[in-house]
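First the proteins, then the strands, lettered A, B, ... as listed; each starts at 1. The figures here come from the full heavy-atom set of this structure, side chains too, leaving out hydrogens, waters and symmetry mates. None of these values were measured; they are calculated from a predicted model.
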Number of protein chains: 2
Amino acid sequence: MAKTQTRASYHHGDLPAALVAATFELVGESGLQDFSVAEAARRTGVSISAPYRHFADREELLAACAIAACQELKRRFDAELAGERTPAGQLSAVSAAYVRFAAEQRPMFEVLHGAGLDKTKHPALALAAIEALAAAEAAARKLTPTGSDEETGTLVQALTGLSQGHATLLLDGAFGDQPSAVDLAADRARAATAALLRGRSLLFAEPKAR
Amino acid sequence: MAKTQTRASYHHGDLPAALVAATFELVGESGLQDFSVAEAARRTGVSISAPYRHFADREELLAACAIAACQELKRRFDAELAGERTPAGQLSAVSAAYVRFAAEQRPMFEVLHGAGLDKTKHPALALAAIEALAAAEAAARKLTPTGSDEETGTLVQALTGLSQGHATLLLDGAFGDQPSAVDLAADRARAATAALLRGRSLLFAEPKAR
DNA sequence: GTCTATACGCGGATAGAC
DNA sequence: GTCTATCCGCGTATAGAC
């Protein structure tokens, strides 16, 4: 009932949101490569040209999807941050949450990192990305020697890199095909983050002369 | 002269290799998304149908490119391993080398990770990937508590994840646009690897109950 | 705001000649 | 082993009607 109402209202309702949802569906089924505006339109039940009333082109639709992904990510990060008390615990939990996000919302992850979106062309996306990481950044700052922006950036990049890599490996199948691979990869990311934080003094040492 | 010879010999010579080279060129110019067998054929100076004598389809050509990328990677890893004496130094150097590889051979990196190749469908690729990592794995084994395969795998995955993530961030522009970003990212990967190795005892602890 | 119809272009892949 | 020619299908984007 509600469903029918929602569907019927697409035509005079929230077509942009419906297209975003359809995009995630399609990416989940066939990957980002095969996604097309035309297919998203068909899936939504509107004509092929309708999307262009709301999105200038294919890229703008993907950018809208990426923003939705950032918001979901922020939601998850904030939940993890609230559940831990020490900065190290918080950051390890965020790392694990990122890996879970990649697996549980794979289409979102793909759009976020595989669509080749230029953030300078989509300021709203750049903003959403910053907001997702803001709270974690504050936790990282507490674990730096002086709390400077530079040190904080260094640490955040190291942790981001570690998490990103674990997520990528998981989706590439490096942790196996079982459903439990997600738990495994998330735990590994958590442990690796903890290990990296324990040895973090090496991050702030001067790099070797070159 | 030699060039002309080479070109002239494409038609009765090593067209597969020429197509692989053309593919890397194209990916470097326009990204993996826009690559097409047709364009690779044009670039190589042969007809659109010629590639299909050597590769069953587009994916097989990409798999051949991925194998070439693995070989280049192995070459770089082996060079780094020979230049350091401690396992920790070797692994840190390998991590940095991976980041450099991503930047300096970006098309290879893209094909390796963005083509969505299923290694079970391309056994030769799976083998090449294993060979690239074999020597680094031996170094990692020396840094585990008991030297078991399980512990070694855990450590290799953590380091692989860290390196992969740093490479991805670099190509995404997270380390800036300057040419020096490559050096920066490589150093960060090296330092993060060293930090992770220093704190590695946390990797081998039992994960929390869930 | 959505539809129908259309212009335009490209890629994958095959058949058959040489 | 390579070419020419061709079939087939798909997607992007726009124009103009409703």
Q: Begin with the C-alpha distance, continue with both residues' side-chain angles, and end with the deciding distance and a verdict on side chain to side chain donor-acceptor pair (under 3.5 Å) for A:Ser95 and A:Ser163.
A: CA-CA 5 Å; A:Ser95 180; A:Ser163 308; 2.8 Å; yes
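When the options B:Arg106, B:His113, B:His166 are evaluated for a side-chain contact (heavy atoms from CB on, under 4.5 Å) with B:Leu171, the one that passes is B:Arg106.
Each of B:Ser47 and A:Ala56 was assigned the nucleotide of DNA chain D with the nearest heavy atom; the assignment lying further toward the 5' end belongs to B:Ser47.
Remark: B:Arg53 is not in phosphate contact with D:dG1, judged by side-chain N or O atoms under 4.0 Å from OP1 or OP2. Here A:Arg42 reaches the OP1 or OP2 of D:dG11: one of its side-chain N or O atoms lies under 4.0 Å away.
One atom, CZ of B:Phe55, and another, C1' of C:dA13, lie 16 Å apart when rounded to the nearest Å. Rounded to a whole Å, the CD atom of A:Glu59 is 13 Å from the P atom of D:dT12.
Distance from the side chain of A:Ala50 is smallest for C:dT2 among the nucleotides C:dT2, D:dT12, C:dG12. With distances taken from any side-chain atom of B:Ser36 to the nucleotides D:dT2, C:dC3, C:dG12, the minimum falls on C:dG12. For A:Ile48, the side-chain atoms get nearest to D:dT12 when compared with the rest of D:dT12, C:dT14, D:dC3.
Not a single donor-acceptor pair, N or O on each side, falls under 3.5 Å between the base of D:dT2 and the side chain of B:Ser49.
Counting heavy atoms from C-beta outward, A:Asp78 and A:Leu81 have side chains that approach closer than 4.5 Å.
In this structure, CZ in A:Phe101 is found 10.0 Å from CZ in A:Arg75, a value given to the nearest 0.5 Å.
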